[in-house]
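Notes follow the structure.
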Amino acid sequence: MAIVPHTPALNHTNSPPNESRWECRVYPGHLSQTSQVRTDLTVDLDRMTSLPVEAREDMVLCLSEMFANACEHSRSGQDPDGRVVRTLDLPRPGTVRISIIDDGTRTSSTTDTVPKVPRRRTRQQRERAERGRGLLILDHLATRWGFRPVLDFPFCAGLGTVIWAEFTHPTLVSGGVTCGGVR
């Protein structure tokens, strides 16, 4: 059973003209949706006219890694009706925050599913690894990132995880953010 509602991520008016938040987008928890997730974020970020292309590309790459992790490591990808929610907001001047919310811990999971950067690998192990680089990329490209439970109550453990990444860029601070033509 999916916790996230079954709302399609189509045809949103997602620009915050005088606000610091876009409407959330909801996607099926399938890796095949990654292209749509990336496209939607690109469209939303294109409304921020002062944001350089390189910064947008970094954000889109990090988003795709967070989305893939939600599909791979949570119930969002295990349950046929699983969903992943993407949010986008400006928590403070000069900062863009992207969040991914999953459906919670997989029912077949016997290992710790908390997001963590792999640290203890030898050079040879790193070179041969086919997986495990997504959070390293996030750690390198985002100004800061983290995660938290959807609901921070002990009896709600496993209901979902919010992973977020913040990107601070000088043009957002000095040049002002232009969203949808409003400055």
Side-chain angles (χ1 to χ4, degrees), residues 1-16 19-45 58-92 95-119 131-139 141-168:
M1 176 176 88
I3 294 171
V4 179
H6 299 250
T7 308
L10 302 174
N11 301 323
H12 287 297
T13 305
N14 249 3
S15 177
E19 300 175 22
S20 59
R21 178 182 300 263
W22 285 253
E23 290 181 42
C24 67
R25 293 185 185 250
V26 181
Y27 302 92
H30 305 288
L31 288 173
S32 62
Q33 294 294 309
T34 306
S35 176
Q36 185 63 50
V37 171
R38 292 172 62 98
T39 299
D40 288 346
L41 181 63
T42 300
V43 168
D44 291 344
L45 292 175
D58 288 350
M59 292 177 199
V60 169
L61 176 59
C62 288
L63 170 71
S64 63
E65 293 296 338
M66 293 189 300
F67 180 80
N69 281 349
C71 293
E72 185 68 25
H73 300 292
S74 77
R75 245 188 355 252
S76 295
Q78 180 185 35
D79 186 334
D81 294 326
R83 298 287 184 245
V84 176
V85 177
R86 189 221 68 197
T87 66
L88 179 64
D89 66 296
L90 306 170
R92 64 194 151 278
T95 302
V96 175
R97 180 175 45 214
I98 303 166
S99 300
I100 288 288
I101 305 165
D102 66 39
D103 273 345
T105 308
R106 284 180 172 244
T107 55
S108 62
S109 180
T110 58
T111 61
D112 182 16
T113 59
V114 172
K116 56 186 157 242
V117 176
R119 300 261 186 224
R131 307 172 54 112
R133 291 187 177 89
L135 292 179
L136 288 170
I137 291 169
L138 187 63
D139 193 51
L141 295 178
T143 305
R144 57 187 219 129
W145 69 277
F147 63 93
R148 62 176 178 78
V150 170
L151 295 171
D152 197 16
F153 298 108
F155 57 87
C156 294
L159 286 183
T161 301
V162 179
I163 184 167
W164 53 267
E166 290 183 354
F167 302 85
T168 302

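Sequential numbering from 1 along the given sequence is applied to the chain's residues. Please read all numbers here as calculations on a predicted model, not as lab measurements.
Counting all heavy atoms, side chain and backbone alike, Arg97 lies closest to Pro91 at NH2-CB, 3.5 Å. Contact between Asp103 and Ser74 at its shortest, heavy atoms only, is N-OG, 4.2 Å. Taking every heavy atom of both residues into account, Trp164 and Met66 meet most closely at C-SD, 4.3 Å. Between Gln33 and Tyr27, the closest heavy-atom pair is OE1-CD2, 4.5 Å. Contact detail for Ala70 and Ser76: the closest heavy-atom pair is O-CB, 3.9 Å. Minimum heavy-atom separation, Ser64 to Arg38: OG-NH1, 2.9 Å.
In this structure, Glu23 CD and Arg86 CZ are separated by 10.5 Å, a value rounded to the nearest 0.5 Å. Here Phe167 contributes atom CZ and Leu45 contributes atom CG; the two are 9.5 Å apart, rounded to the nearest 0.5 Å. Between the CG atom of Leu135 and the CZ atom of Phe147 there is a distance of 9.5 Å, given to the nearest 0.5 Å. Between the CG atom in Leu63 and the CG atom in Asp58 there is a gap of 12.5 Å [rounded to 0.5 Å].
Paired with Cys62 under the rule side-chain contact (heavy atoms from CB on, under 4.5 Å), one option of Leu138, Ile100, Ile163 passes, and it is Leu138.
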For this session: Could you walk me through whether Val85 and Arg83 pass side-chain contact (heavy atoms from CB on, under 4.5 Å), step by step?
Result: CA-CA 7 Å; Val85 177; Arg83 298 287 184 245; 5.6 Å; no
Exercise. side-chain contact (heavy atoms from CB on, under 4.5 Å) between Met59 and Leu88: does it pass, once the steps are laid out?
Worked result: CA-CA 11 Å; Met59 292 177 199; Leu88 179 64; over 6 Å; no
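Residues satisfying the side chain to side chain contact (heavy atoms under 4.5 Å, CB included) criterion with Ile137, sequence neighbours excluded, are Leu61, Glu65, Leu141. Residues satisfying the side chain to side chain contact (heavy atoms under 4.5 Å, CB included) criterion with Arg92, sequence neighbours excluded, are Thr95, Arg144, Glu166.
Side chain of Thr161 to backbone of Pro149: no donor-acceptor contact under 3.5 angstrom is found.
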